[in-house]
Each structure stands twice: as C-alpha cells, then as structure tokens.
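Accompanying notes for the structure given below.
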Amino acid sequence: MSSGPNRGQRRNPLLRARFEAEPAPSMTRINASIAFDKRLWAEDIAGSKAHSAMLVAQKILSPEDGAAIAQGLERIALEIENGEFPFREEYEDIHMNVEARLSELIGAAAGRLHTARSRNDQVATDFRLWVRAAIDRLDLALKRLQEALIDRALEQAATVMPGFTHLQTAQPVTFGHHCLAYVEMLGRDRSRFADCRRRLNESPLGAAALAGTSFPIDREATSSALGFDRPSKNSIDAVSDRDFALEFLSAAAIAGMHLSRFGEEIVIWSSEPFRFVALSGAFTTGSSIMPQKRNPDAAELVRAKAGRLNGSLVALLTVMKGLPLAYGKDMQEDKVPLFEAADSLELSLAATEGMVRDMRIDAVRLRRAAEEGYANATDLADWLVRALGLPFREAHELTGRIVRLAEKRGVSLGELPLSELQALAPAITSEIYGVLDISRSVRSRKSFGGTAPERVRAAVAEARRRFLE
Ligand code: ARG
C-alpha cells in the first residue's frame, strides 16, 4: 500500500484484494464518479435502508446488525446534510463512500449490508429515484409557468396583436390567445414527463449484478418501501437499460425547445423596433458601453439552454448505443448529462415564469403593429366573399390590389376612402369598414380554439380546470 501524499492513487480499499499494482492516477480520476454522483446520496441511503430492513425481515441479516446499519445510515445522512461528510475519491462513487463511512461508524456489520445486492442494481435504483423526484419538481415548475401564462392570458384576453407566420404579419390575434398556445405546449410537456415517470417507476433492487441472487430476498418489499409500483421483471434489463433517463432527456429537450421559442419571441418583442413588451431590470442587463441598452439576457439564455438539453440527450443516446448487455462502466456517464439537463430546465422554467410575470405589455404598440401590417386583409377578403359572393380566389386577388393601394397611400385599410375602394370594385359598400376594424376582426374569430376574446376567456377557465386543479 503506498502511503505517499497522493491519496487519489490509492486503490479503493473495499475492492483491492486481488490487485497487486496501485491504480494509475489517471485511472483513479477517470473511474471516480463521486464528484457528481454525490447528488444521489439521499436516494442511496433510502435504498440501503429499504434493502437492510428487507434482509432483516427475511432473516438474512440479524435484527441487531439491521438496527446498527439503520442508525449508521441516519448518522451519515446528517453528516452529508451538515456538510461534514468526508467524500473520498478513492472510494469512487457515492455507494462505496457511504459503505466505507458506515464501516467506520458501526464496524463489521456494515459489511453485511451489501448481501444480495450489487452496485449495479444499487445505482439503477438510486438513479430512478432521483429522476422520479426531478420529474416531480419539473412538473411543479411547468405548472407554475402555465399558471403565470394563464393569468396573463386572462388579463390580455382582448389585447390585439399581430399574429405572425414566417415572422410576417398574418392576422390579428389576441395576446391572451398567444399565451395560451404555450400553456398547451407545456401541458404536453408535463404529460410526456408523466409518461416517463409511469414507466420508470419499477424497482431494479434485487437484480443484483445481473442475474438475481440465491438469497431469499423479497423484491416486492423493497419496491414498495421505495414507492415503486413493482419490481422490474428481468434482472438483466433492470441493471442495463437507461431508457428511462433517455425518455427524461427527450421530454426535457422538447420542453427546452418550447421555452427557446418563447425566449426568442421575448427577445424579438422587447427589441427596439418592436417594443411589444418591456422587461424590467429584474430580467435585463445594461451594456457597459451603450447606456441606452436593456439586454434581455435571461430570455437569450433560455433560448440557448435548448442547446445543452439537446446535447445531453445526444450524449446519453451515444453512450448507450451498441452497449452489450448487461452493465458497462460506460453507463456511469449517464449522470452528468441528466443532472445538467434537469438543472438547466428547472432554471429556464423559473426564469421564464419570472419574465412572464414581469413583462409590461404595450397594448398600444401591439395594436398599431397589427394595423400597420395589414393583418386584417383576410377579413377584407372574407367580406368580399360573404357580401359580394365572390369566389375566394377572386376576393384574394382584389384584396391584394386594395392592400397595394393602401401601401401606396401609406394608410391602413380602414383609412382608404370608399370612392377609392369602389374604383377597384363598384359593388363595395361602406359596410366593409365594419370588418376592417381590428378589434372586430379578432372578435369574429369565435370558432372553437379561435382567438376571439370571449373564446380566450372561456379557454382560460378551461385551462385552469385542466392544468391547475
Ligand atoms: N458508479 C457506478 C455507476 O455510476 C456504479 C456502478 C458500478 N458497478 C460496477 N460494477 N463497477 O454506474
């Protein structure tokens, strides 16, 4: 045993029996996961408690040893919570750090905890528990963002803004309706995470290294003690798949994509030429050189986090691809991308919720933009169909000529005199001005799922019932 100053070079004392040489320093470093998997400590201790209680119930472990183990684990939990736990790289990962400390605290009994268990089923169990808790946190964060959007939707149910396609003004919509579009996306994000949670909630504990165990364990008992729905059916599958993590990362990448679109919209909307919304200093930064600037950094970063989320998904897909069954150390690389994705998404959701609640919405600018962009051209064409009986294609053509005329005059459609309209189509009457009013335009879009303020108010009430209760 080298007793040199480089502690990192010592072989894991729990596993060194059959090795003559010390591990190379780079081996110790590449092998150790404690720096990141310490985040699994609570799940690891919960799993060990459930396992040891089951061993006692099955008479595989004496009640005295079981009690010592339980007390030792509780003491370790306290040490970790208080920041007093000695995390050591030579013990590689969280599982062996806990076990090593346990044996320092309670002696020989600690060595009995690992009966009928392997780190392979242990880590699979811990990780599932961690992902499950992350899903519950994210569900809450998604719900909070939905609530913020629903609140703004009600407040802005009748606020007219240009709706865009190709980022060109298309038709007037209401700001509330636009907010509710994101509420729907986030609702599907929540249901994707819920699906993932349902499938992942099976207990790998007791699969042992890969083949199960000859000890008379009770997998149902540990499964229900840890809140799983059932033990997983196949021991090889239990220790070797990480599809639950991939489903989580897929759901996270999709949610991040949604948030990035909203982040992008906030960047555009708050830019000087648009000024549809303004963020307070709570979500913007100043420029060190241009005093007039108010940069929407939070929105930009939400937009950018999608890159990380995609990266995490691709990273783990690539790690898992082509891995022969069952466990391979490659799978230790599942944690960093997953933790990073969970953290990034949680933060993005909080920042987005903050921005939604913070932003000042400029109803006057929004309305003017809708008018300037001839967002009501479709209303005009529809009126020509309804009132004059023109085929839609002809109405479309005629409307195009009317828009060109308005552009030339530099006025909105409603500002064109009747005589000029009649010069293009004599049958036009003053009734046309009714549909050219932007507010009337949105009010008329009452079809199910449409943008009319009365629809938006009903949709708000429905969304509250569906998502927030
Ligand atoms: N730290 C390892 C991981 O995260 C734990 C499982 C190790 N199992 C093994 N047979 N080396 O995957």
Side-chain angles (χ1 to χ4, degrees), residues 8 10-19 23-24 26-48 50-51 76 80 85-102 110-111 113-134 200 203-213 222 226 232 235-246 248-249 312 315-342:
R10 275 172 55 210
R11 183 169 296 282
N12 177 348
L14 292 175
L15 302 180
R16 72 182 160 215
R18 60 175 284 255
F19 296 89
S26 58
M27 171 59 190
T28 303
R29 273 173 45 222
I30 198 170
N31 202 35
S33 52
I34 188 62
F36 49 87
D37 70 12
K38 59 167 80 155
R39 288 184 72 170
L40 298 175
W41 71 267
E43 289 76 14
D44 197 70
I45 287 173
S48 289
H51 183 67
I76 290 172
I80 297 177
F85 185 86
F87 288 105
R88 287 167 292 192
E89 198 181 46
E90 73 254 33
Y91 289 107
E92 282 181 43
D93 56 24
I94 184 63
H95 324 295
M96 290 199 294
N97 266 275
V98 169
E99 193 182 325
R101 181 72 186 135
L102 190 63
L113 170 61
H114 213 52
T115 313
R117 186 176 79 169
S118 149
R119 273 188 296 156
N120 296 350
D121 58 336
Q122 198 179 349
V123 73
T125 303
D126 295 359
F127 203 31
R128 280 178 191 252
L129 290 173
W130 196 94
V131 174
R132 189 176 76 187
L200 77 69
S203 174
L205 200 55
L210 79 164
T213 174
T222 45
L226 295 169
S232 55
S235 60
I236 295 177
D237 174 51
V239 295
S240 67
D241 207 359
R242 293 293 182 268
D243 56 359
F244 64 95
L246 289 167
F248 176 91
L249 291 172
S312 292
L316 186 56
L317 275 174
T318 311
V319 165
M320 295 306 295
K321 181 206 165 289
L323 272 193
L325 305 187
Y327 177 84
K329 196 63 174 262
D330 311 54
M331 286 154 67
Q332 180 164 285
E333 292 289 312
D334 56 3
K335 288 166 206 71
V336 169
L338 192 126
F339 291 156
E340 195 171 85

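In listed order, ligands and their atoms are each counted from 1. No experiment lies behind these values; they were computed from the predicted model shown.
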request  = Starting from atom 1 (N) of ligand 1, locate the nearest protein heavy atom and write down its residue, its atom name and how far away it is, to 0.1 Å.
outcome  = Q332 OE1, 2.7 Å
task = Taking ring-ring contact (aromatic ring centres under 6.0 Å, His included) as the test, write out the residues that go with F339, two or more places apart.
result = W130
request  = Of all the heavy-atom pairs spanning V131 and L200, show the shortest one and how long it is.
outcome  = CG1-CD2, 3.6 Å
message = Under 6.0 Å from the ring centre and within 45 degrees of the ring axis: does the NZ or CZ of K335 meet both conditions for the six-membered ring of F36?
response = no
remark   = Result for side chain to side chain donor-acceptor pair (under 3.5 Å) between D44 and one of R39, Q122, K38 points to Q122
From CD1 (I80) to CD1 (I45), nearest 0.5 Å = 4.5 Å
query = Would you say K335 touches ligand 1, if touching means a heavy atom closer than 4.0 Å?
reply = yes
task = Specify the protein heavy atom at minimum distance from atom 11 (N) of ligand 1: its residue, its atom name, and the distance to 0.1 Å.
result = R119 NH2, 3.6 Å
query = Nearest protein heavy-atom contact for atom 8 (N) of ligand 1: which residue, which atom, what distance?
reply = N120 OD1, 2.9 Å
inquiry  = To check your reading of the model: name the closest protein heavy atom to atom 5 (C) of ligand 1, its residue, and the distance in Å.
reply    = D93 OD2, 3.4 Å
inquiry  = Strictly below 4.0 Å, N to O, side chains only: are E92 and R119 in salt-bridge contact?
reply    = yes
key: H95 N/O to ligand 1 N/O under 3.5 Å   = no
query = Looking at atom 3 (C) of ligand 1, what's its closest protein heavy atom, distance included?
reply = Y327 OH, 3.2 Å
request  = Considering the heavy atoms of S33, write down every atom of ligand 1 situated less than 4.0 Å from one of them.
outcome  = 1 (N)
